[in-house]
Enquirer: 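Once you've had a glance at the structure underneath, I'll fire off some questions.
Bear in mind the structure is a predicted one, so any value in this text is a computation, not a measurement.
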Amino acid sequence: MNLYQLAHLNVAAMREPLDSPGMAEFVANLDRINALADQAPGFVWRLKDDEAGSASAATRPFGDRVLVNVSVWQDVESLRRYAFETAHAEIWRRRREWFDRMTEASLVLWYVPNGHCPTEWEAADRLAHLRANGATAYAFTFRQAFPPPAL
């Protein structure tokens, strides 16, 4: 039995405020894409704002223009399938319509003990570590994934 699950953070710098007409189509798809994640095989948990039902209005450790998405999955493959083999991929391919290109890493993966729900601040620390040190077992990417810690 695996004692760890995969945590994930991705950040995106909005071109316009979330309530602007330029972000309307992205916002209109949030509930659908979040529901798809919630029902995806291997999905465990995602950070939600109690009021909005998504992380879009949650605390933003990277500033007001940067959306934060934190989630937990059973493993790397479960997240990979959701991200790149579902309707999420369609929205992801269109990201340049709504978000600026980031010059630093915008996604980080790491392992958490089963049942742990990371905060956006914990996730921000992992992203900072990845940006400073490259991929390690502490903070990594899809391209340079690591196995869960040994038992």
Enquirer: Search all heavy atoms of E120 against all heavy atoms of V70 and return the closest pair with its distance.
Expert: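 Closest pair (atom of E120, atom of V70, distance): CA-CG2, 4.2 Å.
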
Enquirer: Please report the closest heavy-atom contact between H116 and V72, naming both atoms and the distance.
Expert: O-CG2, 3.9 Å

Enquirer: Between W73 and F43 (judged by ring centroids, cut-off 6.0 Å), do the two rings come close enough to count as a pair?
Expert: yes

Enquirer: Please say whether more than 12 non-hydrogen atoms of neighbouring residues, nucleotides or ligands are located less than 6.0 Å from CZ in R96.
Expert: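 More than 12 heavy atoms, drawn from other residues, nucleotides or ligands, come within 6.0 Å of this atom.
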
Enquirer: Check this for me, if you would: do E25 and R94 make a salt bridge, where the nitrogen-to-carboxylate-oxygen distance has to be below 4.0 angstrom?
Expert: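 R94 and E25: salt-bridged.
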
Enquirer: Calculate, to the nearest 0.5 Å, the distance between atoms CZ and OG belonging to R101 and S106 respectively.
Expert: 10.0 Å

Enquirer: Compute the ring centroids of Y111 and F146, then answer whether they are less than 6.0 Å apart.
Expert: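 No.
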
Enquirer: Which heavy-atom pair separates L127 from A105 by the least distance, and what is that distance?
Expert: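 Closest pair (atom of L127, atom of A105, distance): CD1-O, 3.6 Å.
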
Enquirer: Are T141 and V108 side-chain neighbours, meaning at least one heavy-atom pair lies under 4.5 Å?
Expert: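 No; the side chains remain at least 4.5 Å from each other.
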
Enquirer: May I ask you to check whether over 12 heavy atoms, not counting those of D64, lie within 6.0 Å of atom CG?
Expert: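 Counting other residues, nucleotides and ligands, CG of D64 stays at 12 neighbours or fewer.
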
Enquirer: Check step by step if side chain to side chain contact (heavy atoms under 4.5 Å, CB included) holds for V68 and L9.
Expert: CA-CA 7 Å; V68 174; L9 163 73; 3.5 Å; yes

Enquirer: Kindly give the heavy-atom pair with the smallest separation between R126 and A139, and that separation in Å.
Expert: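 R126 and A139 have their closest heavy atoms at O-CB, 3.3 Å.
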
Enquirer: What's the separation between atom SG in C117 and atom NZ in K48, rounded to the nearest 0.5 Å?
Expert: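 Here the interatomic distance stands at 11.0 Å.
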
Enquirer: Looking only at heavy atoms, what is the nearest atom pair of P17 and M23, with distance?
Expert: O-CG, 3.3 Å

Enquirer: Do L6 and L3 land in one hydrophobic cluster if side-chain heavy atoms of ILVMFWY residues count as linked below 4.5 Å?
Expert: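 Looking at the clustering, L3 is in the same group as L6.
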
Enquirer: Do Y82 and I33 have side-chain heavy atoms sitting under 4.5 Å apart?
Expert: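 Yes - at least one pair of side-chain heavy atoms lies under 4.5 Å apart.
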
Enquirer: For N133 and T136, which I'm curious about, is there any donor-acceptor pair between the side chains at under 3.5 Å?
Expert: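 Short answer, no.
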
Enquirer: Over 60° means perpendicular and under 30° means parallel, so classify the ring planes of F26 and F99, tilted if in between.
Expert: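 Ring orientation of F99 relative to F26: perpendicular.
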
Enquirer: Quick one: does H8's side chain have a donor or acceptor within less than 3.5 Å of a partner on L109's backbone?
Expert: no

Enquirer: Taking Y4 as the starting point, is it possible to reach Y138 by hopping between hydrophobic residues whose side chains are less than 4.5 Å apart?
Expert: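 No; Y4 is not reachable from Y138 via cluster members.
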
Enquirer: For Q74, is there any backbone N or O sitting under 3.5 Å from a side-chain donor or acceptor partner on S78?
Expert: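 Checked: no pair found.
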
Enquirer: Does the N114 side chain pair with the main chain of N2, one donor and one acceptor, at a distance under 3.5 Å?
Expert: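 The answer is yes, because a donor-acceptor pair under 3.5 Å joins these two groups.
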
Enquirer: Got L47 and N69 here, is their nearest side-chain heavy-atom distance under 4.5 Å?
Expert: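 Not touching, per the 4.5 Å side-chain cut-off.
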
Enquirer: Between W110 and L130, is any pair of side-chain heavy atoms under 4.5 Å apart?
Expert: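 They are not in side-chain contact.
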
Enquirer: Do V112 and E122 touch side chain to side chain, with heavy atoms closer than 4.5 Å?
Expert: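 V112 vs E122: side chains touch.
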
Enquirer: Look at R65 together with D100 and state whether they make a salt bridge at an N to O cut-off of under 4.0 Å.
Expert: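 Counted as a salt bridge, because a side-chain N and a carboxylate O are separated by less than 4.0 Å.
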
Enquirer: Could you measure the distance from the CG atom of N29 to the CG atom of N34? Nearest 0.5 Å is fine.
Expert: 10.5 Å

Enquirer: Kindly indicate whether the side chain of D125, heavy atoms from C-beta on, has any atom under 4.5 Å from the side chain of W121.
Expert: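 Side-chain contact under 4.5 Å: no.
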
Enquirer: Drop me the distance from H88's NE2 to R81's CZ, to the nearest 0.5 angstrom.
Expert: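 That separation rounds to 15.0 Å.
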
Enquirer: Could you tell me whether the side chain of L67 reaches within less than 4.5 Å of the side chain of M14, counting heavy atoms only?
Expert: yes

Enquirer: Under a 4.5 Å side-chain heavy-atom rule over Ile, Leu, Val, Met, Phe, Trp and Tyr, are W98 and W92 clustered together?
Expert: yes

